[in-house]
Amino acid sequence: MATQARGKVAIDTEECKGCGVCVEACPPKCLRLLADLNAYGVHPAHYTGENCSGCGICFYVCPEPGAIAVYRLIVPKPANLKTEASHAATL
């Protein structure tokens, strides 16, 4: 079941060497190796577009500098939760 992503992964498929380390290290398993080959003749990693937690583990384990970038997304809070500021105002 897909959850709202808290992050987004951008992979430069021409920089990726297809080692698969990021795919194995990804806790939410939102990365996979593509069936298509890149210019190096390897299967590059690809972000599926779902479930990214924005943890950055894929970025840190990638041996190729510049192949992976991780972006944290701002996820709106549910309307029924009080924010810290509004809670302090009611005290």
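We're numbering straight along the sequence, starting at 1.
Once rounded to the nearest 0.5 Å, the distance linking CD1 of Ile57 with CG of Leu31 reads 11.0 Å. To the nearest 0.5 Å, atom SG of residue Cys55 and atom CZ of residue Arg72 are 8.5 Å apart. The structure places SG of Cys58 at 6.5 Å from CD1 of Ile11, a figure rounded to the nearest 0.5 Å. Note that the NZ atom of Lys8 and the OH atom of Tyr47 stand 8.0 Å from one another [nearest 0.5 Å]. We find the SG-CD1 distance between Cys62 and Ile68 to be 4.0 Å, quoted to the nearest 0.5 Å. In this structure, Asn38 CG and Glu14 CD are separated by 5.0 Å, a value rounded to the nearest 0.5 Å.
Side chain of His43 to backbone of Leu37: no donor-acceptor contact under 3.5 angstrom is found. With hydrogens and angles ignored, the 3.5 Å screen pairs no side-chain donor or acceptor of Lys29 with any backbone N or O of Pro27.
Across all their heavy atoms, Val61 and Ala25 have their closest contact at CG2-CB, 3.8 Å. Between Val42 and Cys16, the closest heavy-atom pair is CG2-O, 3.8 Å. Contact detail for Glu50 and Cys30: the closest heavy-atom pair is O-CB, 3.0 Å.
You'll find the side chain of Pro44 stays beyond 4.5 Å of the side chain of Leu33, heavy atoms only. Under the 4.5 Å side-chain criterion, counting only non-hydrogen atoms from C-beta, Pro63 is in contact with Cys19. No side-chain heavy atom of Thr13 sits under 4.5 Å from any side-chain heavy atom of His46.
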